Every structure is written in C-alpha cells, then in structure tokens.
Protein chains: 2
Amino acid sequence: MKSVIPVTVVDIKVACSQCNLRELCLPFGLDPNEIDQLDELVGSRRKIKRQQHLYRSGESFEAIYAIRAGSFKTDVILEDGRDQVTGFQMTGEVLGLDGISTEHHSCNAIALEDSEVCVIPFNRLEELSRTVESLQHQFHKIMSREIVRDHGVMMLLGSMRAEERLAAFLLNMSQRFTARGFSPSEFHLRMTRDEIGSYLGLKLETVSRAFSRFQEEGLVAVQQKHIRILDTPGLKRLLNHHAA
Amino acid sequence: MKSVIPVTVVDIKVACSQCNLRELCLPFGLDPNEIDQLDELVGSRRKIKRQQHLYRSGESFEAIYAIRAGSFKTDVILEDGRDQVTGFQMTGEVLGLDGISTEHHSCNAIALEDSEVCVIPFNRLEELSRTVESLQHQFHKIMSREIVRDHGVMMLLGSMRAEERLAAFLLNMSQRFTARGFSPSEFHLRMTRDEIGSYLGLKLETVSRAFSRFQEEGLVAVQQKHIRILDTPGLKRLLNHHAA
DNA sequence: GGGCCCCTTTGATCCACGTCAATACTGTTT
DNA sequence: AAACAGTATTGACGTGGATCAAAGGGGCCC
C-alpha cells in the first residue's frame, strides 16, 4: 500500500511573527522575542497538493504541522476498508498530535485543496517549550482543545439525529470561518457530501437530503459546495430543542 | 444546578515510587530521582464515593487527577438534557485533561465505585516538566493517547453496528484489565447497561440484547455485570469481517 | 433479613436512516 | 464545444435499532 508521496519543501525562512494566523496557532500568547525563537525551530514549509497525504497511518512521527494555507481531513481506516473521517482542519490548526503517543501516526492526513503547512520538528518543540513557558502552555492548550473537540464529536455521533448533526457541523464551520476573518454566513465547503457523511456518521444521501430539507425550510441556501446560512438562530434551535 | 460536593482530602504523603500503577501512569519512564520530584508535587489524594463527582463541567480547572483506586466515567450534558458518556477510566489513567484548554472543565467526572485519585496541581506539573524531560514527554504521550482513543471511539460510533460496538468495548475492557494484572477473560463491569449504551451510542435495551446474542452464540457468559469472555477470536472476527 | 428500588431482560411495534437505483449537475480535458 | 468523470440530488423500499411496555432479578438500606 506504500506509495511515493510527492513533496515540495520550501527552504525559505518562515516567520511566525509575520503570519496572520499567529493568534490561532502555536505563537499565541508569546512575546516577540519568544516568537523569534519559535521561528528558528520551524525549519521548512511543505506544499501538499489536493488529495495528497501529509502523512499516513503507520508512518513514524517526527513533526507536527501547522496549516499555513488550505485545509485537510484526517481519517482512520479499518482492515475491512471502512473508514471514518475524524476531523477537518483549517488554517492555523495543528495536525499530527495523534503521533506523539506511539511515535507513529495513527491516522491519515489528506489535503482537501492545494495547501501548505509549517513543519515543526517535535523533539525541538519539546526542547523549546522547556524554556519558553508560554509556548509550553499554548501547546498544552492546543492538545486539550483537540480532546474537547473530540468529545463534542462523540456527543454528536452518539446522541444526535441526522439534521442536528448537520446543523452542528454548519454552525461549527461558520464559527471557524468567522475566526479567520471570513463571512460567518457564506462559505465554500471543501469536502464532498461523502466526507461530511463519514465525519457525521451518515451516508452521503442522508447528508444531501438534510441539506435539501434545510433549504426548503429557509435555513440555508445550498448550491453544491457553496453554502449561505440564512437563519443561524433557526439552526441553533434545531440543536437544543430536542424533545428528550 | 450547583451542589455541595463532599470531598475527603487525605493529607498523608503519597509515593509514586511505591505505587504499583507507576508503569501505566505519569511516572512511566522516569528515573528514581525524578519520581521523587514528582512525588513532592502530588500534594494530596482525594477519596470519591460511588456516584459522586470528581469535577463538574464548568468548574475552574486547577489540577489533573491520576486514578489510584476505583474507576470513573466522564460525560457531557447538553442543555436539553441529553447526555453522552465520553469515556470510562481505570486505575493509572489520568482525568481532567479537558480542562487545560479553557481553564474550565468541559465534562463531568463521576466515580463508578468508591475511588481514590492523586491530585496533581497543573501549574506545578507544567513547572516540573520544564526541567524533567522524561516527565514532559510522558505527559505529552498521555494527552496524545487520549486523542487516539477518542478517534477510535469516533470510528466506533460513526461506522460500526451495535454488536461490533459492544465487541470492541468488551475487547478493550479485557485488554485494560489485563494491563492491570487481572484476568483477560473474566471481570466485573462497574457501569450499567445504560452507561455502556450512552458510551456506544446505543439504547440500553440494544446493549442488553447484544449481550444476550453473544451469550447464545457462546462468545461470552454474561451474568449481570459479571462477564466471562469465552471466545476472544470470535469477538475479534465480529469486528473485522464486515461485508463492506 | 425483609422490602424497595434500580437494573436488566425480553417481546412487539415503529421509524429514521441505509440501501439501491436513476438522473442531473459541474468542472475539466482534449 | 463535446465528452467524461466525479459529485449531487431525488425517489422507492428495506432494516437495524429505537421506543413502548411488562415482568423478573439483585443488591442495598434500614
């Protein structure tokens, strides 16, 4: 199953201090001098083309990756071929934390569009975070945030019905686009219905039908991957007003 | 919803070096001198009676907890009352990592039986792990392990059918009991069918029926909470031989 | 040691979502 | 501009697990 992964390594110096994502990413909370130290550690960037793997399950773990541009999905595949999308990641978010535990990656990370990541060698990150307290703390927060996010997904998969799951997904996407300075109400999804379905524990047809339903009810305007949210409170109501 | 939480603080000194759980817990990989430093940091133990909360969602985050005796569940509760069990924790496992992200706990931790935890003040843990490299690394591994575990649960909730979920659950329990020196094939579950169901995204009736089915097929012997696994390969086969 | 409450099991019925299938749309390639 | 492949929508039907209901155990408290 191994295949050659085409990789582009860009050897120009990266500057976290110049990065407009620093408020979302590892540099958050660091002072300018500390950010410079982090800069020295981020050795290279890597460009990943759409549909290509950033890393694969089983590969040895060397670095974590901060998304500089583009977006990714992570998935887990069972022996029998079933797969589950475990997350979608956007700029400023960190990939690869799953690998720390066993020194090998336990999922696949695949670019949803042409993307670029900052490569952060993990042993050097641990080293620096031993002297830079704010970096240590921010890194811990990022890991913890991932755990909290996962619990949210478990809630979604374990206790919500199809339309609630999709509403939660759309609201989450909206919020994350907003945090990146994009419109809260209008955006392009980079993943297919099938990928959304896998993430939400639904079949693609069910996702499609739920979209159509939302459209009929005037909650959103859907045109393929282009989404316009028309009634945010309506979507939120869908989530909480569940007759227990 | 706030209520007084009865707490017993035991002020005797705890010694990780004497603890038979150290191979599963934070001290793993530390040399004797380093373990002594960790010992100094673990200020107190806390006894938690069955059904009592170790912490609640919303409470401010101060410490993480290593389970010294007993077991716990963690759950998340939505406004409308729906709740989802996000995990069951056994001795040597660490609770509270969810709180790092926002400085407030994002789930509830409830004892499944009379239990005891070691209280590890988080700011002091960060401090010590700045000088003790092995502690830093072990802590990162523990957080990462939690992320990997969560991905496994997402797989389970998103892609498996009821009997597969229960088989995966039983095999996981068996493996964790084994790691603690107990029988791989015979154990007492400390949680109810309802709690198992919540964790697995199923109703308690479905869990009960799946147990009965396993019993009929000679895979396990079930007597209430007492489980005897009769055919481990059979359970594993259930997991992987899914006609995709 | 008796009584009560919670937990579990089992059966009957229902329904949300999956499955199967056909058609339509979009963007890309030549 | 035509042809194509991947993606999305929609309909008809089937089913796994939810729901509703009733009865049987076990453990715990007084």
Side-chain angles (χ1 to χ4, degrees), chain A residues 49-51 73 81-85 110 112-114 156-167 169-170 188-217 220-227 238 242-244, chain B residues 49-52 73 81-85 110-114 156-169 188-217 220-227 238 242-244:
Chain A
K49 288 219 159 292
R50 191 175 124 84
Q51 301 284 33
K73 69 170 176 181
R82 279 180 289 183
D83 73 323
Q84 171 76 27
V85 171
I110 299 152
L112 292 174
E113 60 193 305
D114 292 359
L156 188 144
L157 292 171
S159 320
M160 291 184 179
R161 26 198 51 261
E163 293 188 6
E164 294 175 309
R165 295 183 200 189
L166 188 64
F169 171 76
L170 289 175
H188 254 87
L189 297 176
R190 312 249 75 134
M191 65 294 285
T192 66
R193 298 287 189 266
D194 194 36
E195 288 165 332
I196 297 172
S198 173
Y199 180 61
L200 299 179
L202 302 168
K203 291 290 143 179
L204 69 95
E205 294 93 331
T206 306
V207 174
S208 179
R209 277 185 246 270
F211 269 126
S212 302
R213 200 104 196 300
F214 286 177
Q215 177 134 279
E216 280 167 32
E217 288 167 0
V220 297
V222 184
Q223 205 171 17
Q224 307 284 123
K225 291 183 158 129
H226 191 81
I227 305 291
L238 249 178
H242 180 78
Chain B
K49 287 218 159 291
R50 192 176 124 83
Q51 302 283 34
Q52 283 182 355
K73 69 170 175 181
R82 279 182 289 182
D83 73 324
Q84 171 76 26
V85 171
I110 298 151
L112 293 175
E113 59 193 306
D114 293 358
L156 187 146
L157 292 171
S159 321
M160 291 185 180
R161 24 199 41 269
E163 293 188 5
E164 295 176 307
R165 295 183 199 189
L166 188 63
F169 171 75
H188 255 89
L189 298 175
R190 313 250 77 131
M191 66 293 286
T192 66
R193 298 287 188 265
D194 195 35
E195 288 164 333
I196 297 172
S198 172
Y199 180 62
L200 299 178
L202 303 169
K203 292 290 145 182
L204 68 96
E205 294 94 329
T206 305
V207 174
S208 178
R209 277 186 246 270
F211 269 126
S212 302
R213 200 103 196 298
F214 286 177
Q215 176 134 279
E216 280 167 32
E217 288 168 359
V220 297
V222 184
Q223 204 170 19
Q224 306 286 124
K225 291 182 158 129
H226 191 81
I227 305 290
L238 250 178
H242 181 76

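None of these values were measured; they are calculated from a predicted model. Chain letters run A, B, ... following the sequence lines, proteins first and then strands; every chain starts at 1.
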Original post:
Hey, does Leu204(A) reach any base, or is it just sugar-phosphate, or nothing, if we go heavy atoms under 4.0 Å?
Top reply: base
Subject >> Candidate nucleotides dT8(C), dA8(D), dA16(C), ranked by approach to the side chain of Arg161(A) - the nearest >> reply: dA16(C)
Original post:
Whole-Å distance between dG25(D) P and Lys225(B) NZ?
Top reply: 17 Å
Original post:
Taking for each residue the nucleotide of DNA chain C with the nearest heavy atom, is it Thr206(B) or Arg50(B) whose nucleotide lies nearer the 5' end?
Top reply: Arg50(B)
**OP:** Give the rounded distance in Å between these two atoms: CG of Leu238(A) and C1' of dA16(C).
**Re:** 15 Å
Subject >> Whole angstrom value for the distance that separates C1' of dA8(D) from CG of Asp194(A) >> reply: 11 Å
Original post:
Does a side-chain heavy-atom distance below 4.5 Å link Phe214(A) with Val222(A)?
Top reply: no
**OP:** Determine whether Lys225(A) and Met191(A) make a side-chain contact, defined as any pair of heavy atoms from C-beta on separated by less than 4.5 Å.
**Re:** no
Original post:
Among all residues two or more places apart in sequence or in another chain, which pass the side chain to side chain donor-acceptor pair (under 3.5 Å) test with His226(B)?
Top reply: Glu186(B), His188(B)
**OP:** Please determine if Arg190(A) and Glu195(A) form a salt bridge, counting it only when a charged side-chain N lies under 4.0 Å from a carboxylate O.
**Re:** no
Original post:
Any side-chain donor-acceptor pair under 3.5 Å between Ser159(B) and Gln84(A)?
Top reply: yes
Original post:
Can you tell me how far C1' of dC28(D) sits from NZ of Lys49(B), to the nearest Å?
Top reply: 14 Å
**OP:** Quickly work out the Glu195(A) CD to dA8(D) C1' distance and round it to whole Å.
**Re:** 14 Å
Original post:
Does Lys203(B) make a side-chain N or O approach to OP1 or OP2 of dT19(D) shorter than 4.0 Å?
Top reply: yes
Original post:
How close or far is atom P of dC5(C) from atom CD of Gln51(B), stated in whole angstroms?
Top reply: 17 Å
Original post:
How bent is the helix from dG1(C)-dC30(D) to dT30(C)-dA1(D), comparing axes over its five end pairs at each side, to the nearest 10°?
Top reply: 50°
Original post:
Is a side-chain donor or acceptor of Arg193(B) paired with a backbone partner of Gln224(B) at a separation under 3.5 angstrom?
Top reply: yes
Subject >> Base of dC20(D) paired with side chain of Glu205(B) (donor-acceptor, under 3.5 Å) >> reply: yes
Original post:
Is it true that Asp114(A) and Arg50(A) make a salt bridge, defined as a side-chain N closer than 4.0 Å to a carboxylate O?
Top reply: no
Original post:
Ignoring hydrogens and angles, does a donor from either the side chain of Glu163(A) or the base of dC17(C) sit under 3.5 Å from an acceptor on the other?
Top reply: no
Original post:
With sugar-phosphate meaning primed atoms plus P, OP1 and OP2, does Gly201(B) contact a base, only sugar-phosphate, or nothing at under 4.0 Å between heavy atoms?
Top reply: sugar-phosphate
Original post:
Given that Thr192(B) and Gln224(A) both sit by DNA chain C, which one's nearest nucleotide is further toward the 5' end?
Top reply: Thr192(B)
Subject >> Arg209(A) and Glu163(A) ion-paired at < 4.0 Å >> reply: no
Subject >> Non-hydrogen side-chain atoms of Leu204(B) and Thr192(B) separated by less than 4.5 Å >> reply: no
Subject >> Spacing of Leu200(B) atom CG relative to dG17(D) atom P, expressed in whole Å >> reply: 12 Å
Subject >> DNA chain C-proximal residues of residues 208-216 of chain B, any heavy atom under 4.0 Å >> reply: Ser208(B), Arg209(B), Ser212(B)
**OP:** Take Val207(B) and Tyr199(B) through the test side chain to side chain contact (heavy atoms under 4.5 Å, CB included) and record every step on the way to the result.
**Re:** CA-CA 11 Å; Val207(B) 174; Tyr199(B) 180 62; over 6 Å; no
Original post:
When you measure from the side chain of Leu202(B), which nucleotide among dC20(D), dT8(C), dA18(D) comes out closest?
Top reply: dA18(D)
